[in-house]
Amino acid sequence: MQQAIHPVVGGNLQAIAQLEELLEALSKQQYCYQDSGVTHSSIGAHTRHILDIYQALICGIEKFDLVDYDLRRRGAPIETDPEVALGELSSLKVWLQGLSEAQLAQSLSVKSEVSLCDQTSVEVVSSALRELIFASSHFVHHLAIIAILAKSQRLQTPSALGVAPATASFLRSESSMAE
């Protein structure tokens with residue numbers, strides 16, 4: 001008997017599905033395109049950044065150690081090859097679906113830089129579940145930027161790409177009230 005998916009894990013999986021759908025429709029050129037009038041980052045760079053957050057979280061949960069969000073893979077092949085990104089997204093789905101209740105409840109130390117003026121990091125106590133909520137919210141934020149980058153290339157995007165869960169609920173309630 002398969003265990004039920006925790007709602008937080010489900011939300012993360014929904015964000016992954018949105019990004020997979022988009023990436024499957026992109027050429028390598030579209031994935032790497034940078035519109036300096038919008039941002040200096042490509043869809044590939046945002047995808048890499050999203051997955052770096054999850055890589056830090058995976059390392060923290062699996063090693064019962066520290067989640068260090070400052071570890072990044074800038075310039076890695078994932079930024080220029082959508083197939084590499086799709087492979088990592090597939091692995092991430094498997095990892096998320098395999099998380100146990102004990103792993104979700106696990107206490108973690110989280111480290112992150114907090115200053116723009118100097119290299120100042122803080123370490124706080126959190127939980128795997130709380131960090132998955134953060135990762136999902138962060139993911140949606142970057143999906144919104146990715147949607148803008150796609151639209152700057154005149155690409156079609158799903159209307160819900162980058163829409164936060166609370167906004168989606170609001171829009172559903174507005175729609176049902178109009179009926």
Side-chain angles (χ1 to χ4, degrees), residues 2-23 31 39 41-147 149 161-168:
Q2 186 178 359
Q3 71 180 25
I5 297 286
H6 191 283
V8 172
V9 171
N12 280 266
L13 293 170
Q14 290 165 4
I16 291 169
Q18 283 191 326
L19 184 54
E20 285 177 324
E21 180 183 349
L22 179 69
L23 295 186
Y31 184 72
T39 180
S41 298
S42 64
I43 291 171
H46 283 276
T47 300
R48 187 266 311 150
H49 177 68
I50 290 166
L51 287 164
D52 281 352
I53 295 298
Y54 284 97
Q55 289 302 314
L57 190 51
I58 289 167
C59 286
I61 290 173
E62 290 185 353
K63 296 181 179 176
F64 299 95
D65 201 7
L66 175 70
V67 177
D68 186 348
Y69 287 129
D70 299 327
L71 299 177
R72 308 285 170 86
R73 301 173 290 168
R74 290 178 179 93
I78 190 171
E79 289 189 6
T80 57
D81 189 341
E83 292 302 318
V84 172
L86 286 165
E88 280 198 32
L89 288 166
S90 179
S91 295
L92 178 57
K93 283 191 307 193
V94 170
W95 178 79
L96 285 165
Q97 291 167 336
L99 286 171
S100 67
E101 287 295 324
Q103 286 173 306
L104 291 172
Q106 178 181 330
S107 181
L108 300 168
S109 291
V110 177
K111 177 184 170 208
S112 185
E113 284 193 41
V114 294
S115 175
L116 294 174
C117 299
D118 56 35
Q119 192 172 3
T120 303
S121 294
V122 296
E123 218 173 289
V124 297
V125 176
S126 186
S127 71
L129 190 59
R130 172 64 190 101
E131 293 310 305
L132 280 169
I133 292 169
F134 159 72
S136 179
S137 177
H138 177 263
F139 198 145
V140 171
H141 163 79
H142 280 275
L143 284 176
I145 297 168
I146 287 169
L149 290 169
L161 185 67
V163 174
T167 302

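Small disclaimer: the values here were computed from a predicted structure and weren't measured.
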Identify every side-chain donor-acceptor pair in residues 130-140 under 3.5 Å, counting partners at least two apart or on other chains, and give the distances.
unit_1: E131; atom_1: OE1; unit_2: Y69; atom_2: OH; d: 2.6
unit_1: E131; atom_1: OE2; unit_2: S126; atom_2: OG; d: 2.6
unit_1: H138; atom_1: NE2; unit_2: H49; atom_2: NE2; d: 2.8
unit_1: H138; atom_1: NE2; unit_2: H142; atom_2: NE2; d: 3.3

Step-by-step side-chain contact (heavy atoms from CB on, under 4.5 Å) determination, T47 to L23: CA-CA 10 Å; T47 300; L23 295 186; 4.2 Å; yes
Closest non-hydrogen atom pair between D52 and R72, with its separation: OD2-CA, 3.3 Å
Side chain to side chain donor-acceptor pair (under 3.5 Å) contacts touching residues 78-87 (sequence neighbours left out): R48-E79
Partner residues of E21 under the salt bridge (charged side-chain N to carboxylate O under 4.0 Å, His left out) criterion, sequence neighbours left out: none
Set of residues satisfying side-chain contact (heavy atoms from CB on, under 4.5 Å) with respect to V94, sequence neighbours excluded: none
Set of side-chain contact (heavy atoms from CB on, under 4.5 Å) partners for A17, sequence neighbours left out: none
With sequence neighbours excluded, residues passing side-chain contact (heavy atoms from CB on, under 4.5 Å) with A76: R73, I78
Between CD on residue E88 and CD1 on residue I50, distance to nearest 0.5 Å: 11.5 Å
I5 side chain near L96 side chain, heavy-atom distance below 4.5 Å: no
Where S109 and E123 come nearest, the two heavy atoms and their spacing: CB-OE2, 3.8 Å
side-chain contact (heavy atoms from CB on, under 4.5 Å) between L92 and I58, intermediate numbers included: CA-CA 9 Å; L92 178 57; I58 289 167; 4.1 Å; yes
Separation between CG of L129 and OG of S107, rounded to the nearest 0.5 Å: 12.5 Å
Minimum-distance pair of heavy atoms, taken over all atoms of A128 and I61: CB-CD1, 3.6 Å
Nearest-0.5 Å distance that lies between atom CD in Q55 and atom CG in D68: 13.0 Å
Nearest-0.5 Å distance, CG of residue L86 to CD1 of residue I16: 11.5 Å
Residue list, side-chain hydrogen bond (donor to acceptor under 3.5 Å, both in side chains) with T120, at least two apart or on another chain: D118
For the student: nearest non-hydrogen atoms of A105 and S127, plus distance: O-CB, 4.4 Å
Pairing residues for Y54 by the side-chain hydrogen bond (donor to acceptor under 3.5 Å, both in side chains) criterion, not counting sequence neighbours: N12
Within-4.5 Å side-chain heavy-atom neighbours: H46 and L149: yes
Residues which pass side-chain contact (heavy atoms from CB on, under 4.5 Å) with E113, listed by chain and number, not counting sequence neighbours: D70, Q119, S121
Closest heavy-atom pair and its distance - L108, L57: CD1-CD1, 4.0 Å
S41 side, atom OG; I145 side, atom CD1 - distance, nearest 0.5 Å: 8.5 Å
